[in-house]
Amino acid sequence: MAISEKMKDRLEMAAAALLIGAAVAGSSAMAQRDPAYQQARSEGLIGEKTDGYLGFVSAPSPAVRALVEDLNIKRKAKYTEEALANGATVEEMAFRTGCRLIKERTVPGEKYQAPDGSWKTRDASPPLLDVRCP
């Protein structure tokens, strides 16, 4: 049975997304272990945003800006891959991940964005999450 052109295109897109996702997952994890990233996080210069991306709590240095922009590009690629695989939008995948990152990955002393858009410092209590968070 012959594969239609449309189905072939979708399979090629899915394969490309998987390859990109694998590369992004590895490089994103390595970048997040970068001492400059960890330092900016622990100093409260950057934090997790509700939309699944990193944000600037205060004006960043050019190096911190470049690092965060690179990580956000990689995150968007990963969200795109997950959206394709799950029949969701990129924004839905980013939002779900943002909820999870704020809830599970921020530690006391780190900044995160509250549902009202303000920056909060995580303490021992649960973070403030958007009511739409799973």
Side-chain angles (χ1 to χ4, degrees):
M1 182 172 169
I3 297 176
S4 72
E5 281 299 309
K6 187 174 183 178
M7 182 147 208
K8 183 179 175 187
D9 289 344
R10 292 183 103 186
L11 289 171
E12 288 174 356
M13 282 180 46
L18 287 172
L19 290 172
I20 291 168
V24 167
S27 61
S28 180
M30 286 177 20
Q32 291 182 11
R33 286 190 286 256
D34 182 318
Y37 167 80
Q38 291 298 341
Q39 183 176 0
R41 232 179 131 103
S42 66
E43 290 179 4
L45 302 176
I46 62 173
E48 293 293 343
K49 292 177 24 181
T50 57
D51 65 2
Y53 297 95
L54 290 168
F56 304 108
V57 178
S58 60
S61 69
V64 170
R65 179 176 294 283
L67 178 65
V68 168
E69 288 173 354
D70 181 59
L71 285 171
N72 283 340
I73 288 168
K74 291 173 181 170
R75 283 185 179 193
K76 185 167 187 173
K78 183 70 173 163
Y79 300 152
T80 301
E81 170 199 343
E82 291 173 355
L84 180 65
N86 292 295
T89 67
V90 174
E91 291 78 17
E92 289 169 331
M93 296 310 297
F95 178 78
R96 287 183 207 159
T97 303
C99 291
R100 191 180 96 258
L101 290 171
I102 290 170
K103 184 175 160 182
E104 299 173 8
R105 299 277 173 94
T106 57
V107 298
E110 291 183 340
K111 298 286 190 180
Y112 71 95
Q113 192 177 50
D116 67 2
S118 65
W119 287 103
K120 302 289 184 190
T121 301
R122 179 78 190 258
D123 58 19
S125 62
L128 300 173
L129 296 174
D130 190 295
V131 296
R132 299 170 294 159
C133 285

### Summary
Taking every heavy atom of Lys74 against every heavy atom of Asp70, the minimum-distance pair comes out as NZ-OD2, 2.9 Å
### Query
Given Tyr112, which of Leu128, Leu129, Val57 fulfils the side-chain contact (heavy atoms from CB on, under 4.5 Å) condition?
Leu128
### Query
For the side chain of Gln113 and the backbone of Thr50, is there at least one donor-acceptor N/O pair under 3.5 Å apart?
yes
### Task
Please answer whether the main-chain N or O of Pro134 pairs with a side-chain N or O of Arg96 as donor and acceptor at a distance below 3.5 Å.
no
### Task
Taking the side chain as every heavy atom from C-beta outward, state whether Trp119 and Lys49 have any pair of such atoms under 4.5 Å apart.
yes
### Message
How long is the straight-line distance from CG of Leu71 back to CD1 of Ile46, given to the nearest 0.5 Å?
### Response
7.5 Å
## Note on the structure
Smallest heavy-atom separation, Pro126 atom then Arg122 atom, equals CA-NH2, 4.3 Å
#### Entry: Minimal non-hydrogen separation, Pro127 against Lys103, with atom names
CG-CA, 4.0 Å
### Task
Could you walk me through whether Thr97 and Arg75 pass side-chain contact (heavy atoms from CB on, under 4.5 Å), step by step?
CA-CA 10 Å; Thr97 303; Arg75 283 185 179 193; over 6 Å; no
### Query
Distance from Leu101 atom CG to Leu54 atom CG, nearest 0.5 Å?
8.5 Å
### Backbone of Ala114 reached by a side-chain donor or acceptor of Ser118 within 3.5 Å
no
### Query
Ignoring hydrogens and geometry, is there a side-chain-to-backbone donor-acceptor pair from Tyr53 to Ala94 under 3.5 Å?
no
## Note on the structure
Heavy-atom nearest pair, Lys111 first then Thr121, reads NZ-OG1, 2.7 Å
### Task
State, with a plain yes or no, whether a side-chain heavy atom of Thr106 is found less than 4.5 Å away from one of Lys120.
no
### Message
Assigning hydrophobic clusters by single linkage (Ile, Leu, Val, Met, Phe, Trp, Tyr; side-chain heavy-atom cutoff under 4.5 Å), is Tyr37 placed with Val64?
### Response
yes
### Query
If you group Ile, Leu, Val, Met, Phe, Trp and Tyr by side-chain heavy-atom gaps below 4.5 Å, do Ile102 and Leu45 land in one group?
no
### Message
Whether the side chain of Arg41 engages the backbone of Glu48 through a donor-acceptor N/O pair (distance < 3.5 Å, no angle test) should be reported.
### Response
no
### Message
Does any part of the side chain of Lys76, heavy atoms only, come nearer than 4.5 Å to the side chain of Thr80, both counted from C-beta?
### Response
yes
### Task
Treating Ile, Leu, Val, Met, Phe, Trp and Tyr as nodes and any side-chain heavy-atom pair under 4.5 angstrom as an edge, say whether Tyr79 and Phe95 lie in one connected cluster.
no
